[in-house]
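Below is one structure, written out as structure tokens; the observations come after it.
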There are 4 protein chains.
Amino acid sequence: MPEPIPRGRPRSEQSRRATLEATRELLHSVGYDRLTIEGIASAAGVSRQTVYRWWRAKSAIVAEAVLDGVIILPGAAAAGGSIAGILNAMGASLGSPENAGLVRALAAAAADDPAASEALYERMTGPTHAALARSIADGVARGALRPDIDPEVAADALIGAVLYRVLTRQDSPPGYGDDLAATVLGATPGTA
Amino acid sequence: MPEPIPRGRPRSEQSRRATLEATRELLHSVGYDRLTIEGIASAAGVSRQTVYRWWRAKSAIVAEAVLDGVIILPGAAAAGGSIAGILNAMGASLGSPENAGLVRALAAAAADDPAASEALYERMTGPTHAALARSIADGVARGALRPDIDPEVAADALIGAVLYRVLTRQDSPPGYGDDLAATVLGATPGTA
Amino acid sequence: MPEPIPRGRPRSEQSRRATLEATRELLHSVGYDRLTIEGIASAAGVSRQTVYRWWRAKSAIVAEAVLDGVIILPGAAAAGGSIAGILNAMGASLGSPENAGLVRALAAAAADDPAASEALYERMTGPTHAALARSIADGVARGALRPDIDPEVAADALIGAVLYRVLTRQDSPPGYGDDLAATVLGATPGTA
Amino acid sequence: MPEPIPRGRPRSEQSRRATLEATRELLHSVGYDRLTIEGIASAAGVSRQTVYRWWRAKSAIVAEAVLDGVIILPGAAAAGGSIAGILNAMGASLGSPENAGLVRALAAAAADDPAASEALYERMTGPTHAALARSIADGVARGALRPDIDPEVAADALIGAVLYRVLTRQDSPPGYGDDLAATVLGATPGTA
DNA sequence: AGCTAAACGAGACGGTACGTCGGGTCTTGGC
DNA sequence: GCCAAGACCCGACGTACCGTCTCGTTTAGCT
């Protein structure tokens with residue numbers, strides 16, 4: 001049994017949560033570049049040492065916050081829905097300035113650290129990507145979508161388009177999700 | 001005449017270039033997060049004060065380096081080519097690890113500062129986007145592409161797909177540009 | 001009976017000794033300033049908490065180590081001998097660099113904390129001082145020493161001279177004890 | 001000329017003085033052990049970095065404060081006076097609790113760092129020692145003092161006696177200087 | 001040629017955050 | 001109730017950069 005007997009004072013789950021939530025809060029308000037471990041600790045009411053005990057860098061805290069579901073972005077949550085449903089959920093929520101800022105912060109975290117990048121992929125874009133690809137593959141199989149569509153690549157394009165607009169700070173108009181689906185898949189929302 | 005008569009010692013163009021080039025170099029080697037003004041100045045053989053005299057923040061230096069063409073990414077350069085040509089140029093060059101790193105650094109800069117974001121858009125993705133949209137619109141007008149394609153949105157999707165793969169650190173296989181064009185536009189490279 | 005019945009696990013004498021001996025060791029090797037409770041505990045193979053349970057500060061540990069005889073300096077031990085004998089024993093042993101370092105460490109401890117100071121006085125310099133004063137008083141009474149000598153003050157001067165040379169890091173030459181006795185008491189070693 | 005041309009912003013003499021004076025103040029109030037660079041900087045109204053730029057350790061600051069005359073102890077100042085005059089000046093001033101505390105702090109600094117030790121010797125005890133030795137040698141030569149007195153050793157004994165009483169926290173009674181001179185030199189104050 | 005004015009290098013300054021060390025306190029489980 | 005283990009908050013350490021501020025020096029255009 002490789003399970004080590006726990007010794008000493010157990011780790012405070014409350015401190016862990018407070019740290020992750022403070023990180024989310026600060027990511028919202030100041031972005032990734034101005035996010036500091038000092039600031040996280042003080043906002044969480046936790047000592048700096050405790051933060052350093054459990055995380056090696058600010059990107060690692062962001063990664064865990066994402067993996068833990070403390071930071072949630074819509075899209076993945078709508079994984080069970082239709083293609084246009086997912087896209088509209090993404091577009092709508094990312095349209096709000098605060099969520100757009102959070103996405104940019106997460107992109108910066110991903111750019112900074114491969115581990116954070118992987119965490120983000122695993123928890124946020126990955127599931128959405130998979131859901132989209134599955135729906136598209138299904139549509140292709142049913143003959144409802146063009147046969148020359150590669151579902152994986154199409155999912156890249158759908159997610160990428162939204163990401164591109166957020167990073168370049170272009171608002172996505174209300175019906176953007178529908179337009180995107182129509183353009184990429186050659187499908188009106190209702191048909192897919 | 002709002003043009004002020006230049007007095008005193010003129011600004012050193014050499015210092016300006018050295019600063020921008022050192023910035024490009026460091027963006028390559030350490031990324032945006034670990035880029036420091038101190039480091040730029042010392043790598044450029046320029047005093048810190050001179051950097052601060054001309055730029056307000058590191059993101060501003062990055063922005064000017066981009067606007068000035070000191071930092072160049074392929075894609076925009078291939079603006080005159082065919083759709084698949086542009087995509088393959090982007091995909092190929094971004095496939096190389098060093099360029100991918102540079103793209104991630106620029107994405108972080110864009111996430112950090114709206115001004116840098118705008119500069120990047122104006123000089124890097126914007127022209128590519130416009131070229132793609134023009135070519136696509138042309139194809140649609142000629143009847144070579146599906147009529148339900150919105151050229152602007154399609155260009156978002158094409159660029160976004162590549163960006164998405166770079167940010168999530170997924171290598172794009174050799175023929176990815178072709179696949180992408182086929183999937184989004186329903187066109188084989190040769191026909192567009 | 002004010003003697004409380006001891007309950008629970010008795011205090012570990014081994015931990016106590018190990019702590020005091022580790023303290024002596026570290027006082028030797030790093031001095032008082034760089035002496036840490038953390039270091040003592042780990043060198044003694046004892047938990048930090050156990051140290052804190054029994055001592056309030058590092059100076060208290062030093063004090064107890066002295067009182068307990070774990071730290072011994074010559075001089076007091078030679079209390080039964082002649083004046084010159086005591087002085088030469090002090091001079092000789094303090095002449096060795098390691099003992100001189102220890103004396104400086106103890107002086108720093110004494111400077112830091114009145115309680116440590118008192119412990120040192122009680123166990124180390126006090127007995128030596130008393131022995132010297134007694135011998136001197138005896139010599140004065142016997143007419144072997146000048147009558148205008150105040151034995152207490154003379155003892156201050158003898159001990160102080162050695163201490164002064166150690167603190168200012170001046171080596172005491174071999175015959176320094178004799179010179180000192182001759183100068184202060186007007187006596188050649190043999191006559192006292 | 002090995003004189004380097006001064007470049008850049010000149011060092012602030014005010015910051016230097018403020019640092020040294022804050023050090024003296026804190027040495028008085030908290031002693032050497034609880035003296036911190038953080039505390040010095042904040043008491044001096046100077047940034048921590050500025051302190052670190054000029055001094056490598058707290059003992060170095062103490063040393064410079066002594067060498068610079070920011071910390072002054074009587075004795076050396078009375079170097080021109082008679083033997084009993086010097087001793088009484090030392091005794092009287094060291095008798096005051098605050099000065100005694102300062103002496104203990106300086107002793108701890110000397111114990112901590114050879115460089116500080118040397119500075120203290122050069123500026124504080126050294127001159128007093130030399131003055132005493134000179135006066136004593138003079139007395140011996142004039143026949144006013146016993147011929148078997150070694151002036152250097154006698155000076156050790158006189159200074160050492162005072163130092164010993166301060167370190168062991170024994171108050172020196174008013175006439176202690178006279179007693180000391182009489183005991184060590186066999187001389188009443190008036191005769192020397 | 002001398003004067004004026006701005007850019008330049010050097011480098012000190014007050015700061016903020018870094019990542020680490022140690023100090024004391026506390027909370028577990030085992031003895 | 002002692003003890004090892006180890007987490008906790010706190011404060012200081014010494015370092016790296018930040019952005020600002022003098023300095024003396026350099027390099028132009030204008031008298």
Side-chain angles (χ1 to χ4, degrees), chain A residues 4-16 34-42 45-58, chain B residues 4-16 34-42 45-58, chain C residues 6-12 14-15 34-42 45-54 56-58, chain D residues 4-16 34-42 44-58:
Chain A
I5 305 146
R7 295 223 265 171
R9 179 174 177 173
R11 175 173 183 185
S12 161
E13 175 62 18
Q14 182 185 322
S15 291
R16 198 184 73 92
R34 273 168 291 278
L35 181 70
T36 83
I37 292 187
E38 180 106 24
I40 292 170
S42 105
V46 151
S47 80
R48 263 195 352 277
Q49 186 56 46
T50 296
V51 177
Y52 281 112
R53 204 189 320 274
W54 300 108
W55 295 281
R56 324 195 76 239
K58 65 180 184 176
Chain B
I5 304 148
R7 294 226 268 168
R9 179 176 177 172
R11 175 173 183 186
S12 161
E13 174 62 16
Q14 181 186 322
S15 291
R16 198 184 73 92
R34 274 166 290 278
L35 180 70
T36 74
I37 292 188
E38 179 105 24
I40 292 170
S42 103
V46 151
S47 79
R48 266 198 345 279
Q49 185 57 44
T50 296
V51 177
Y52 281 112
R53 205 189 320 274
W54 301 109
W55 295 280
R56 325 193 75 235
K58 67 179 184 178
Chain C
R7 298 225 267 162
R9 179 173 176 175
R11 175 173 182 186
S12 160
Q14 182 187 320
S15 291
R34 274 166 289 279
L35 180 70
T36 72
I37 293 188
E38 178 107 23
I40 293 171
S42 103
V46 150
S47 79
R48 241 149 16 95
Q49 185 55 45
T50 297
V51 177
Y52 281 113
R53 205 188 322 273
W54 300 108
R56 326 193 74 236
K58 67 180 183 178
Chain D
I5 305 146
R7 297 223 264 174
R9 180 174 177 172
R11 175 171 183 186
S12 161
E13 175 60 16
Q14 181 185 322
S15 291
R16 197 185 72 92
R34 272 168 290 278
L35 180 70
T36 79
I37 292 188
E38 180 104 23
I40 292 170
S42 104
V46 149
S47 81
R48 239 149 22 90
Q49 185 57 44
T50 296
V51 177
Y52 282 113
R53 205 189 320 275
W54 300 107
W55 294 282
R56 324 195 75 240
K58 65 181 183 176

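The figures that follow rest on heavy atoms only: side chains count, while hydrogens, waters and symmetry mates do not.
- In this structure, D/R11 has no salt bridge (Lys or Arg N to Asp or Glu O under 4.0 Å) partners at least two apart in sequence or on a different chain.
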**Fill in**
Expected string for nucleotides 23-31 of chain F under the B/S/- scheme (protein heavy atoms, under 4.0 Å, primed atoms plus P, OP1, OP2 as sugar-phosphate) is B--BBS---
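- Across all their heavy atoms, C/I37 and C/R48 have their closest contact at CG2-CG, 4.5 Å.
- Applying the 4.0 Å criterion to OP1 and OP2 of F/dC9, one finds that A/T50 has a side-chain N or O inside that range.
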For residues 49-56 of chain B, run the donor-acceptor check on the side chains, cut-off 3.5 Å, and write out each pair with its distance to 0.1 Å, sequence neighbours left out.
unit_1, atom_1, unit_2, atom_2, d
B/T50, OG1, B/S47, OG, 3.1
B/W55, NE1, B/E64, OE1, 2.8

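- Between B/W55 atom CH2 and E/dA7 atom P there is a gap of 13 Å when expressed in whole angstrom units.
- Partners of C/S12 according to the side-chain hydrogen bond (donor to acceptor under 3.5 Å, both in side chains) rule, which considers only residues two or more places apart in sequence or in another chain, are C/S15.
- Take the nearest nucleotide of DNA chain F for A/G45 and for C/V46: the residue whose nucleotide is more 5' is C/V46.
- Taking atom CZ of residue C/R53 and atom C1' of nucleotide F/dC3, one finds them 6 Å apart after rounding to whole Å.
- Residue contacts shown for C/W54 are limited to sugar-phosphate atoms, with no base heavy atom under 4.0 Å away.
- With sequence neighbours left out, A/R34 forms a salt bridge (Lys or Arg N to Asp or Glu O under 4.0 Å) with B/D112.
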**Item:** Reading 5' to 3' through nucleotides 12-17 of chain F, protein heavy-atom contacts under 4.0 Å coded B for base, S for sugar-phosphate only, - for none
**Value:** BBBBBS
